[in-house]
Amino acid sequence: MTSDALWFVGRGSGVISLVLLTVVVALGIGARSGRTPFDLPRFAVNLLHRNAALTAIVFLAAHIISLLIDPLAPITIFDAIFPFSSTYRPFWQGLGTLGMELMAAILLTTLFRHRLGARGWRAVHWLAYLCWPVALAHGLGTGSDNNTWWLWAITMICLAAVAAAVFWRVSPRFDPPRRRVAVRPFEEVR
Amino acid sequence: MRLHIDRTACDGRGLCAELLPELLESDEWGFPMARGSSGVPEELTRAARRAVDRCPKLAFHLAPGS
Ligand code: SF4
(Lines give C-alpha, C1' and ligand atoms only; values in the text may rest on other atoms or scores of the structure.)
Protein backbone atom coordinates (compact mmCIF):
# COMPACT_ATOMS: atom_id res chain seq x y z
CA MET A 1 0.00 0.00 0.00
CA THR A 2 1.17 3.46 -0.67
CA SER A 3 1.51 5.85 2.20
CA ASP A 4 -1.47 7.78 0.87
CA ALA A 5 -3.68 4.73 1.18
CA LEU A 6 -2.35 3.98 4.67
CA TRP A 7 -2.99 7.53 5.71
CA PHE A 8 -6.51 7.31 4.37
CA VAL A 9 -7.18 3.99 6.13
CA GLY A 10 -5.63 5.31 9.33
CA ARG A 11 -7.90 8.33 9.50
CA GLY A 12 -11.02 6.60 8.20
CA SER A 13 -10.80 3.64 10.56
CA GLY A 14 -10.29 6.00 13.49
CA VAL A 15 -13.50 7.85 12.66
CA ILE A 16 -15.47 4.63 12.12
CA SER A 17 -14.20 3.25 15.41
CA LEU A 18 -15.32 6.40 17.21
CA VAL A 19 -18.78 6.25 15.67
CA LEU A 20 -19.15 2.58 16.64
CA LEU A 21 -17.93 3.29 20.16
CA THR A 22 -20.56 5.98 20.41
CA VAL A 23 -23.22 3.44 19.47
CA VAL A 24 -21.80 1.04 22.08
CA VAL A 25 -21.78 3.63 24.85
CA ALA A 26 -25.22 5.00 23.98
CA LEU A 27 -26.68 1.49 24.00
CA GLY A 28 -24.84 0.66 27.21
CA ILE A 29 -26.24 3.72 28.96
CA GLY A 30 -29.69 3.17 27.49
CA ALA A 31 -29.84 -0.47 28.54
CA ARG A 32 -28.61 0.03 32.08
CA SER A 33 -30.78 -1.45 34.79
CA GLY A 34 -34.08 -1.38 33.05
CA ARG A 35 -35.92 -0.71 29.87
CA THR A 36 -34.40 -0.77 26.45
CA PRO A 37 -34.69 2.17 24.08
CA PHE A 38 -37.61 2.06 21.64
CA ASP A 39 -38.83 -1.08 23.43
CA LEU A 40 -36.37 -3.20 21.51
CA PRO A 41 -35.96 -6.73 22.82
CA ARG A 42 -33.25 -6.85 25.46
CA PHE A 43 -31.25 -9.53 23.77
CA ALA A 44 -31.13 -7.44 20.58
CA VAL A 45 -29.71 -4.42 22.41
CA ASN A 46 -27.31 -6.68 24.27
CA LEU A 47 -26.01 -8.31 21.09
CA LEU A 48 -25.80 -5.01 19.23
CA HIS A 49 -23.80 -3.57 22.14
CA ARG A 50 -21.38 -6.47 22.02
CA ASN A 51 -21.06 -6.73 18.24
CA ALA A 52 -20.63 -2.99 17.73
CA ALA A 53 -17.94 -3.06 20.44
CA LEU A 54 -16.07 -5.91 18.78
CA THR A 55 -16.30 -4.20 15.39
CA ALA A 56 -15.04 -0.95 16.93
CA ILE A 57 -12.04 -2.88 18.25
CA VAL A 58 -11.30 -4.27 14.78
CA PHE A 59 -11.36 -0.75 13.32
CA LEU A 60 -9.24 0.51 16.20
CA ALA A 61 -6.67 -2.16 15.40
CA ALA A 62 -6.71 -1.08 11.74
CA HIS A 63 -6.31 2.54 12.85
CA ILE A 64 -3.26 1.81 14.97
CA ILE A 65 -1.59 -0.66 12.62
CA SER A 66 -2.00 1.48 9.51
CA LEU A 67 -0.54 4.52 11.24
CA LEU A 68 2.31 2.50 12.69
CA ILE A 69 3.36 1.12 9.31
CA ASP A 70 2.78 4.36 7.44
CA PRO A 71 6.31 5.70 6.98
CA LEU A 72 5.03 9.26 6.89
CA ALA A 73 2.98 9.11 10.08
CA PRO A 74 5.24 10.27 12.93
CA ILE A 75 4.16 7.53 15.34
CA THR A 76 6.28 4.76 16.77
CA ILE A 77 5.38 1.56 18.56
CA PHE A 78 6.68 3.26 21.71
CA ASP A 79 4.03 5.99 21.37
CA ALA A 80 1.37 3.33 20.93
CA ILE A 81 2.33 1.72 24.24
CA PHE A 82 3.27 4.65 26.49
CA PRO A 83 0.71 7.43 26.47
CA PHE A 84 1.92 11.05 26.23
CA SER A 85 5.45 10.07 25.18
CA SER A 86 5.06 10.96 21.53
CA THR A 87 6.95 13.85 19.98
CA TYR A 88 3.98 14.45 17.70
CA ARG A 89 1.17 16.25 19.54
CA PRO A 90 2.05 14.30 22.69
CA PHE A 91 -1.11 15.16 24.59
CA TRP A 92 -3.66 14.51 21.87
CA GLN A 93 -1.92 11.44 20.49
CA GLY A 94 -1.41 10.21 24.06
CA LEU A 95 -5.16 10.33 24.61
CA GLY A 96 -5.46 7.81 21.78
CA THR A 97 -2.97 5.46 23.43
CA LEU A 98 -4.75 5.85 26.75
CA GLY A 99 -8.13 5.16 25.14
CA MET A 100 -6.76 2.06 23.44
CA GLU A 101 -5.42 0.75 26.74
CA LEU A 102 -8.72 1.39 28.49
CA MET A 103 -10.49 -0.49 25.71
CA ALA A 104 -8.04 -3.36 26.00
CA ALA A 105 -8.79 -3.55 29.73
CA ILE A 106 -12.54 -3.58 29.06
CA LEU A 107 -12.18 -6.22 26.35
CA LEU A 108 -9.97 -8.56 28.39
CA THR A 109 -12.09 -8.36 31.52
CA THR A 110 -15.19 -9.00 29.44
CA LEU A 111 -13.67 -12.05 27.79
CA PHE A 112 -12.80 -13.46 31.21
CA ARG A 113 -15.76 -12.07 33.12
CA HIS A 114 -17.08 -15.48 34.10
CA ARG A 115 -13.81 -16.16 35.88
CA LEU A 116 -13.46 -12.62 37.19
CA GLY A 117 -16.93 -12.37 38.71
CA ALA A 118 -19.62 -9.80 38.13
CA ARG A 119 -18.23 -7.15 40.50
CA GLY A 120 -14.74 -6.94 39.08
CA TRP A 121 -16.01 -7.05 35.56
CA ARG A 122 -18.49 -4.23 36.12
CA ALA A 123 -15.90 -2.11 37.89
CA VAL A 124 -13.62 -2.26 34.86
CA HIS A 125 -16.57 -1.81 32.50
CA TRP A 126 -17.15 1.58 34.11
CA LEU A 127 -13.91 2.71 32.47
CA ALA A 128 -15.96 3.00 29.28
CA TYR A 129 -17.22 6.31 30.61
CA LEU A 130 -13.63 7.52 30.63
CA CYS A 131 -12.63 5.77 27.43
CA TRP A 132 -15.28 7.30 25.22
CA PRO A 133 -14.62 10.98 26.00
CA VAL A 134 -10.89 10.28 25.73
CA ALA A 135 -11.45 8.80 22.26
CA LEU A 136 -13.65 11.72 21.25
CA ALA A 137 -11.07 14.27 22.38
CA HIS A 138 -8.29 12.32 20.69
CA GLY A 139 -10.20 12.39 17.41
CA LEU A 140 -10.66 16.13 17.43
CA GLY A 141 -7.33 17.01 18.98
CA THR A 142 -4.96 14.82 16.99
CA GLY A 143 -7.14 14.37 13.97
CA SER A 144 -5.52 15.81 10.92
CA ASP A 145 -9.06 16.54 9.82
CA ASN A 146 -9.95 18.74 12.77
CA ASN A 147 -10.21 21.73 10.48
CA THR A 148 -12.88 20.04 8.39
CA TRP A 149 -16.58 20.58 8.92
CA TRP A 150 -17.36 16.86 8.70
CA LEU A 151 -15.15 15.77 11.57
CA TRP A 152 -16.74 18.42 13.76
CA ALA A 153 -20.19 17.33 12.58
CA ILE A 154 -19.46 13.67 13.35
CA THR A 155 -18.04 14.58 16.76
CA MET A 156 -21.09 16.69 17.58
CA ILE A 157 -23.45 13.92 16.47
CA CYS A 158 -21.57 11.44 18.68
CA LEU A 159 -21.80 13.82 21.60
CA ALA A 160 -25.51 14.35 20.96
CA ALA A 161 -26.15 10.60 20.80
CA VAL A 162 -24.54 9.93 24.18
CA ALA A 163 -26.16 13.01 25.69
CA ALA A 164 -29.54 11.75 24.45
CA ALA A 165 -28.91 8.35 26.04
CA VAL A 166 -27.98 9.95 29.37
CA PHE A 167 -30.99 12.25 29.19
CA TRP A 168 -33.30 9.33 28.46
CA ARG A 169 -31.72 7.31 31.25
CA VAL A 170 -32.28 9.95 33.91
CA SER A 171 -35.70 11.03 32.69
CA PRO A 172 -38.61 10.00 34.93
CA ARG A 173 -40.11 8.02 32.07
CA PHE A 174 -37.21 5.58 32.28
CA ASP A 175 -38.32 3.80 35.44
CA PRO A 176 -40.01 0.64 34.25
CA PRO A 177 -43.53 0.14 35.66
CA ARG A 178 -42.87 -3.40 36.86
CA ARG A 179 -40.20 -2.09 39.22
CA ARG A 180 -42.68 0.04 41.07
CA VAL A 181 -44.99 -2.93 41.33
CA ALA A 182 -42.20 -5.10 42.66
CA VAL A 183 -41.31 -2.64 45.40
CA ARG A 184 -44.81 -2.12 46.73
CA PRO A 185 -45.16 -5.25 48.88
CA PHE A 186 -42.13 -4.24 50.92
CA GLU A 187 -43.41 -0.73 51.37
CA GLU A 188 -46.66 -1.99 52.81
CA VAL A 189 -44.90 -3.94 55.53
CA ARG A 190 -43.67 -0.79 57.27
CA MET B 1 -27.25 -30.06 32.14
CA ARG B 2 -29.57 -28.10 34.36
CA LEU B 3 -30.42 -24.42 34.39
CA HIS B 4 -29.38 -22.65 37.53
CA ILE B 5 -30.26 -19.07 38.36
CA ASP B 6 -28.60 -17.25 41.20
CA ARG B 7 -31.62 -15.41 42.59
CA THR B 8 -29.57 -12.97 44.62
CA ALA B 9 -27.63 -11.82 41.57
CA CYS B 10 -30.42 -11.87 38.99
CA ASP B 11 -32.10 -8.53 38.42
CA GLY B 12 -34.98 -9.92 36.43
CA ARG B 13 -34.53 -8.13 33.15
CA GLY B 14 -35.55 -11.26 31.36
CA LEU B 15 -32.79 -11.41 28.77
CA CYS B 16 -32.35 -15.13 29.35
CA ALA B 17 -36.06 -15.81 28.90
CA GLU B 18 -35.93 -13.96 25.57
CA LEU B 19 -33.02 -16.06 24.39
CA LEU B 20 -34.30 -19.35 25.71
CA PRO B 21 -38.07 -19.22 25.46
CA GLU B 22 -38.23 -23.01 25.09
CA LEU B 23 -37.08 -23.45 28.69
CA LEU B 24 -37.75 -20.19 30.48
CA GLU B 25 -40.60 -17.81 30.95
CA SER B 26 -40.75 -14.52 32.82
CA ASP B 27 -42.86 -14.19 35.91
CA GLU B 28 -44.93 -11.05 36.36
CA TRP B 29 -41.91 -9.08 37.59
CA GLY B 30 -39.68 -10.22 34.78
CA PHE B 31 -37.76 -12.85 36.74
CA PRO B 32 -37.08 -16.06 34.86
CA MET B 33 -38.87 -19.26 35.75
CA ALA B 34 -38.24 -22.69 34.31
CA ARG B 35 -41.06 -24.08 32.25
CA GLY B 36 -41.50 -27.47 33.85
CA SER B 37 -38.24 -29.06 34.89
CA SER B 38 -34.92 -27.21 34.79
CA GLY B 39 -33.22 -29.94 32.76
CA VAL B 40 -31.74 -28.86 29.43
CA PRO B 41 -32.36 -31.23 26.54
CA GLU B 42 -29.37 -32.07 24.38
CA GLU B 43 -30.53 -30.05 21.38
CA LEU B 44 -30.86 -26.88 23.45
CA THR B 45 -27.48 -26.93 25.19
CA ARG B 46 -25.92 -24.62 22.64
CA ALA B 47 -28.74 -22.13 22.92
CA ALA B 48 -28.59 -22.41 26.70
CA ARG B 49 -24.86 -21.72 26.72
CA ARG B 50 -25.39 -18.66 24.59
CA ALA B 51 -28.03 -17.38 26.98
CA VAL B 52 -25.70 -18.01 29.92
CA ASP B 53 -23.01 -16.02 28.14
CA ARG B 54 -25.31 -13.01 27.65
CA CYS B 55 -26.63 -12.70 31.21
CA PRO B 56 -25.53 -9.19 32.23
CA LYS B 57 -25.39 -10.14 35.90
CA LEU B 58 -23.58 -13.45 35.44
CA ALA B 59 -26.48 -14.89 37.41
CA PHE B 60 -27.42 -17.60 34.99
CA HIS B 61 -25.48 -20.88 34.89
CA LEU B 62 -25.57 -24.37 33.57
CA ALA B 63 -24.92 -26.98 36.19
CA PRO B 64 -24.15 -30.62 35.53
CA GLY B 65 -26.93 -33.12 36.13
CA SER B 66 -30.19 -33.84 34.44
S1 SF4 C 1 -30.39 -12.68 32.03
FE2 SF4 C 1 -29.48 -12.99 34.04
S3 SF4 C 1 -30.05 -11.19 35.24
FE4 SF4 C 1 -31.38 -11.27 33.43
S5 SF4 C 1 -33.20 -12.34 34.11
FE6 SF4 C 1 -31.84 -13.87 33.23
S7 SF4 C 1 -30.64 -14.64 34.97
FE8 SF4 C 1 -31.60 -12.75 35.63
Side-chain angles (χ1 to χ4, degrees), chain A residues 24-54 106-126 128 165 169 174-188, chain B:
Chain A
V24 172
V25 170
L27 284 175
I29 294 171
R32 273 180 58 84
S33 54
R35 288 216 322 249
T36 55
F38 313 113
D39 279 327
L40 290 166
R42 290 186 169 74
F43 80 93
V45 173
N46 181 293
L47 288 175
L48 197 57
H49 175 79
R50 180 192 67 175
N51 293 347
L54 292 176
I106 296 169
L107 172 70
L108 288 175
T109 50
T110 299
L111 290 177
F112 295 106
R113 68 193 182 284
H114 288 278
R115 241 178 277 169
L116 196 66
R119 277 167 150 245
W121 167 62
R122 284 187 86 87
V124 178
H125 231 65
W126 272 88
R169 176 68 181 79
F174 181 82
D175 189 31
R178 70 171 163 78
R179 273 254 178 115
R180 290 196 284 267
V181 172
V183 168
R184 202 166 293 142
F186 299 101
E187 286 172 349
E188 279 168 6
Chain B
M1 291 295 209
R2 299 182 69 82
L3 302 177
H4 178 259
I5 288 159
D6 177 353
R7 297 282 166 192
T8 55
C10 171
D11 72 349
R13 295 188 223 173
L15 199 111
C16 52
E18 284 180 350
L19 286 170
L20 209 55
E22 298 90 342
L23 300 179
L24 291 171
E25 57 187 330
S26 294
D27 72 8
E28 55 182 311
W29 292 305
F31 288 92
M33 285 188 319
R35 296 180 192 274
S37 95
S38 57
V40 183
E42 193 63 39
E43 65 275 16
L44 285 175
T45 16
R46 258 176 69 99
R49 275 187 212 291
R50 229 175 288 157
V52 165
D53 182 59
R54 292 291 91 216
C55 171
K57 292 285 182 174
L58 311 187
F60 185 31
H61 309 277
L62 282 185
S66 58

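Order of the sequence lines fixes the chain letters, A, B, ..., with proteins taken first and strands second; residue numbering starts at 1 for each chain. Note that this is a predicted model, so its numbers are computed, not measured. Heavy atoms only: backbone and side chains are in, while hydrogens, waters and symmetry mates are out.
- The contact between R113(A) and chain B is made by backbone and side chain atoms together, counting heavy-atom distances below 4.5 Å.
- Counting all heavy atoms, side chain and backbone alike, R42(A) lies closest to E18(B) at N-OE1, 3.0 Å.
- At most 12 non-hydrogen atoms from other residues, nucleotides or ligands lie less than 6.0 angstrom from CZ of R119(A).
- Across all their heavy atoms, A118(A) and K57(B) have their closest contact at CB-O, 3.8 Å.
- No side-chain heavy atom of R13(B) sits under 4.5 Å from any side-chain heavy atom of N46(A).
- Considering only heavy-atom pairs separated by less than 4.5 Å from chain A, the leading option among L15(B), V52(B), L19(B) is L15(B).
- Other residues, nucleotides and ligands contribute at most 12 non-hydrogen atoms within 6.0 Å of the CD atom of E42(B).
- For NE2 of H4(B), the number of neighbouring non-hydrogen atoms (other residues, nucleotides, ligands) closer than 6.0 Å is 12 at most.
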